[in-house]
Amino acid sequence: MSEEQGDRLSQNVCFLLWRRGIRPDTWQEHLRGLLPAVWSDGDLRAALTGGRLNYARIAELVAALGVEEQELVYGDLLRDSGADVLVQNLRYLVGALERGGKKELASDLGIDPSTVSRWLSNASRPPAATLRELAAFFRLGADV
């Protein structure tokens, strides 16, 4: 498996777990429960981070996740799903705010709270400068 295939496979594994509603901080443990006990921590990390896996491991992933091998290794399940990762992440982050947090967020950004609502409904998208401000508000890395 090439490095590019490993990256695509791990992106697809992560997408499938995300789509099932599994929290990212539990993905490795969730996979451990789906896969044969012989999977090492290194194999599990490889499945999630683009490392190389042999054919037997790929076949076990395919069976555990219920997808075709071609889809898992070569597909782009995220793109094909039409999911908007930005909107999903904003929904998660804004949803985690305490009561009044959306209003506080809008105030800190100098925008109307209805603008945040439009982002969450996917009616509009935040401009690049605002994405940087959102990253700062949520204490995320600056590489947005």
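What you are looking at is a predicted structure, and each value in this text was computed from that prediction instead of being measured.
Looking at heavy atoms from C-beta onward, L97 lies out of side-chain contact with L93 at the 4.5 angstrom threshold. Side-chain contact between V94 and F138 is present, with at least one heavy-atom pair separated by less than 4.5 Å. Put simply, the side chain of R19 does not reach to within 4.5 Å of the side chain of S81, judged on heavy atoms. Looking at Q11 and D7, their side chains never come closer than 4.5 Å, going by heavy atoms from C-beta outward. With a 4.5 Å cut-off on side-chain heavy atoms, V62 and V73 do not count as touching. Two residues are said to be in side-chain contact when any heavy atoms from C-beta on lie closer than 4.5 Å; W39 and R57 meet this criterion. Contact annotation: the side chain of E133 never approaches that of P126 to less than 4.5 Å [non-hydrogen atoms, C-beta and beyond]. Using a 4.5 Å cut-off on side-chain heavy atoms (C-beta onward), Y92 and R23 make no contact.
Annotation for R99: atom CZ does not count as buried by contact number, only 12 or fewer foreign heavy atoms lying within 6.0 Å.
Of all heavy-atom pairs spanning L9 and A47, the tightest one is CD2-O, 4.1 Å. Between E60 and L35, the closest heavy-atom pair is O-CD2, 3.6 Å. Smallest separation of non-hydrogen atoms from S117 and K102: OG-NZ, 2.6 Å. Between D108 and F137, the closest heavy-atom pair is OD2-CE1, 3.2 Å. Considering every non-hydrogen atom in both R52 and A46, the closest pair reads O-CB, 4.1 Å.
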* **Stepwise side chain to side chain contact (heavy atoms under 4.5 Å, CB included) check, R118 with S114** => CA-CA 6 Å; R118 284 194 300 276; S114 65; 3.4 Å; yes

* To do: Show your reasoning for whether side chain to side chain contact (heavy atoms under 4.5 Å, CB included) applies to R20 and L65.
  => CA-CA 10 Å; R20 291 178 180 187; L65 296 171; 4.0 Å; yes

* Evaluation steps, side chain to side chain contact (heavy atoms under 4.5 Å, CB included), between V67 and L61 -> CA-CA 9 Å; V67 295; L61 268 175; over 6 Å; no

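Between the CG atom in L48 and the CG atom in D43 there is a gap of 11.0 Å [rounded to 0.5 Å]. The structure places CG of N122 at 4.5 Å from CG of D84, a figure rounded to the nearest 0.5 Å. Taken from CG in L131 to CH2 in W119, the straight-line distance is 7.5 Å, to the nearest 0.5 Å. Once rounded to the nearest 0.5 Å, the distance linking CG of L44 with OG1 of T49 reads 10.5 Å. Taking CD1 from I58 and CD from E69, the interatomic distance works out to 6.0 Å, rounded to the nearest 0.5 Å. Atom CG of L72 and atom CG of L77 lie 7.0 Å apart (nearest 0.5 Å).
Under the side chain to side chain contact (heavy atoms under 4.5 Å, CB included) rule, V116 has a single partner from I111, L134, L90, which is I111.
R91 places a side-chain N or O within donor-acceptor distance of the main-chain N or O of L120, the cut-off being under 3.5 Å.
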